[in-house]
K.L.:
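Before I ask anything, here is the structure I am working with.
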Amino acid sequence: MNRIELLAPAKDLHKAYTALRYGADAVYIGGKSFSLRSRASNFEVEDIASLVTFAHAMHRKVYVTVNIVFHDDDFKGLIDYLKTLELIKVDAIIVESMAVMVLCKKYAPNLECHISTQASATTSMSVNALKAFGADRVVVAREVSMQEIEVISKRVDVPLEVFIHGGMCSNYSGRCTLSNRMTNRDANRGGCAQSCRWKYHIYEGDQKVSSDDCLLSMSSKDLRASAYIERMIKAGIASLKIEGRMKSDYYIAQVVKTYRNMIDEVMTFGHLEEERIVYYDKELSKAENRPSDDGFLSGDCDHTKHLYGVNGAGVTHDFVAYVLDFDLSCGRALVEVRNRFEKGDTLEVFGPDLANTEFRVGRMLDEDGQEVSLANKPMQKLWIEVPFLVKTHYMIRKVQYDN
Amino acid sequence: MKLLITLTRFEDIHHFKDYGIKGVIAGSNYFSSRFDFSLNELKKISVECMVYDLDFFVCLDTMIEEGDRNLLREYLEFIIKLKPKGVFFSDLAVYWLLREFEYDFELHYDPQTLISNSLDASFFISKGMKVVAAKEITLDETLKIASNNPHSVSMQIFGYLKNASSKRHFLHNYFNHQKLDIDLRDNRNVTIVEETRDYRMPILETKYGTNIYTDYCLLAFKEFHLMKDLEYGIIDDLFIDKKVLYDVLNGFKLLNEENGKLLETNLILKYPNISFDKGYLYQKTSIKKEGD
C-alpha cells in the first residue's frame, strides 16, 4: 500500500502546529488574500514562511489556498504573491481558477497546483480534463461515492485528494450563490453566509406544503469517512482531507490524531476491524459539533443525512485545558484553562504520543502558589497534579459519561 | 449579440424567427436539469429549427456521474447526428468525452458561476470552447470579459437565474423526514421562502437533484445595446408564462438604444406580480462579511 497523506486545515499558526504535531502529513492554510473562509484568521506571508520551516523540518508539507472565484479586479498582486509563496518554499497552492493555475505555472513553476473541490470534479473525465489543463492534483467533489472514487482512481493518472471529515456544502461547491442573493456576501469569494442551513417554507402555488413545526433546511450533516479509510488507501488515493479552517485547536488535534491512528492501523495491519471503526467513531465524536455521517460515500444522500431543526452540539467531551509544561520533580502540569473544571472531576489527557488517559483532579495551585478548587477563568494558568508524565501541547478534556 | 431562447413548448418554434431570435436551446430528460423532451422530440426540434432557419443548441446542464459515462457517450453520439449549432454544458466531462468524436459544433461552457474574469474565459476559449459568463458578476465585469474575448462570451439576459445546484433531493428528503405523502418532483410551481424573508425562490427537483432559482426575473432591455461584444444573449423561459414570454420577445423586437427603459416600465406595469430585477448587473457582492 502506498503512503497516503493526511491533510489538515488550520486557521492560524498555532492550529497548524497542532495539526502537524498530532499527525497531519500536510496542512492547508489561507493567506490574507485570494482565499475563501474570510472569517478564518488567515496567514501573513511571514507566518506562512515560519510554518513552512517548521513543517519541512518534520518532512511535512504546506499548501496555501488561492481558491476564491476570481473577478478581474482580484488578480491585482497575484503574481507577486505566487512568486513569494514559491520563494518561501510553500509546496502547493489550492486553486479553482484555471487562469491562476496558468499564471502559477508560468511565474512560480515550483509550486504544485491542486484543483479545489470548487471545480466539482465528479468523474474521471473531468479529472482528466483538469489534469490535461495542468493540474498536479485534483480534489474530488464531495458528491462522489466510494465506489465511484475507486473507479475514478483507476481511470486517471493524477493524484486524487478526497474529503474525509467535516462540514459539507449541500450544493455543488462553487456553484452556489444563495449567500450572494440573500446576504450580498459572495459565497465563492470567502463570504458564504451558509444560507443553505437556514429554514424555509415550501409552497406549491400559493399553498404552503411545509410543516410550521419543522421547516425545510438544506443543511447537511457533517462528513465522517472513518468506515472508508481502508478502501481509500487501497484505492490509491493520494491525500485524505479534513475540512474546517474555522475549527479550534482541540478539534484539529482530536480529529487529526484519530485519522492518523486509523491510517497507521491500516498501513500496519492491512485492515481495520469493524470494532475499531466503532472505537474511532467514538473518538471523533469527542470533537464533533454537528451530527455526522458518510455523506455521498455510501451513495445517495437521503433524509437521514440532512439536519432538520438541529443546530449542532453533540460534543461528548469538553476541552478544558492545554498543557504548557510539566514539572517531573513534583508531578505537576502547568496548564492553560480553556473551560470550567474543578477538584474531583475526572479528566482525560491525550497527546500526539499519548493514548487517552484519565485522572481525577487533585490539588490545583495558581501561579502565586495559592490553592484553588475551581478552574473557571479562561487562559488562567494553573499547576495541577497529574499522576503520569504529560508533555507540552497535550490536551485535557472533561469526560461526559453516558447516562 | 445574437438572441437565443430556451424552448419549453415545441409549437413555439415557428414564432421565434419573427422576434429576431437566432436560435433555440433545448434538451432532453438526459443530462438536463430543466428540459424534458424525449429523444424523438429533440430530433423533431432539430428538424424544425432547420425549417424555420433557427440555430439549434442542446443543453446538458447537469453534473455528470462516473456511472453515466457510457450513457453520456451514447447521448453525445445522438446529439452529433442532430447536427446542432452548439452544445451548452456545465461539466467538463462533456468536453473531455467529446474528444473521442468528430463533431462540428460550438462548445459553450456554462458552469453558472466560475466564468467570472477575463483570464479564465480566455483559458477555456484557448481550449476550443466558448463560455457563458457567471451570473453573479456585474454588467461592467461581464462586458469587460466580453471585450477581452470578443464573440466568445454569452450571458443570460432574461429570466430567473440559477442560484444553487445540488445532487440532493431536498424536497423529497424533507417530505420523507416529515412522513408527508407529497411528491413535487418535476413540479415547476414550487417555491421556497426563508422564514425571515418574504420573497419566493422557485425550486425545481428532478431525478438529477435540485436547483434553486432567484426570486426575481432578470430584465435587461435597458442594457441590451451595451452588449454588442457578447456572442449570445440567452432568454430563459423557465417559470415564465407563454403570454409574458411573448410580451418579452416583443420587447426585444422593438428595442433600440433609447426605448429600453420605457419597454421595461411597460412590462413591469403589465405584470405587477412578477418581480423583475437587474440582479447583479449593478450590484457587486462583497468578498467579506461586514465587520470582518
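Proteins come first, then strands; the chains are lettered A, B, ... in the order of their sequence lines, and each starts at number 1.
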K.L.:
Between A:E204 and B:N189, is there a side-chain donor-acceptor contact under 3.5 Å, judged purely by atom types and distance?
P.N.:
no

K.L.:
Measure up the B:F170 and A:H306 rings against each other and bin them: parallel (under 30°), tilted (30 to 60°), perpendicular (over 60°).
P.N.:
perpendicular

K.L.:
Tell me, do B:R200 and A:D206 make a side-chain contact under 4.5 Å, heavy atoms counted?
P.N.:
yes

K.L.:
Which of the residues A:S217, A:A141, A:S210 is involved in the greatest number of heavy-atom pairs with chain B at under 4.5 angstrom?
P.N.:
A:S210

K.L.:
What part of B:L161 gets within 4.5 angstrom of chain A, counting heavy atoms only: side chain, backbone, both, or neither?
P.N.:
neither

K.L.:
Does A:Y200 have B:R197 sitting over its ring (NZ/CZ under 6.0 Å from centre, angle to axis within 45°)?
P.N.:
no

K.L.:
Under a 4.5 Å heavy-atom cut-off, does chain A meet the side chain of B:I212, its backbone, both or neither?
P.N.:
side chain

K.L.:
As an exercise: rank B:L114, B:D91, B:I182, B:I145 by heavy-atom pairs under 4.5 Å with chain A and give me the winner.
P.N.:
B:L114

K.L.:
So for B:L184, is it side chain, backbone, both, or neither that comes closer than 4.5 Å to the heavy atoms of chain A?
P.N.:
side chain

K.L.:
So which of A:H201, A:E148, A:R175 has the largest heavy-atom pair count under 4.5 angstrom toward chain B?
P.N.:
A:R175

K.L.:
Measure B:S90 against the heavy atoms of chain A and call it side chain, backbone, both or neither at under 4.5 Å.
P.N.:
both

K.L.:
Under 4.5 Å from any heavy atom of chain B, what part of A:D212 do you find: side chain, backbone, both or neither?
P.N.:
neither

K.L.:
Over all heavy atoms of both residues, which pair between B:K162 and A:T177 is shortest? Give the atoms and the distance, please.
P.N.:
O-OG1, 4.0 Å

K.L.:
So do A:Q147 and B:E66 actually touch side chain to side chain, heavy atoms under 4.5 Å?
P.N.:
no

K.L.:
Please find the pair of heavy atoms, one from A:S211 and one from B:Y174, that lie closest to each other, and give the distance.
P.N.:
N-OH, 2.8 Å

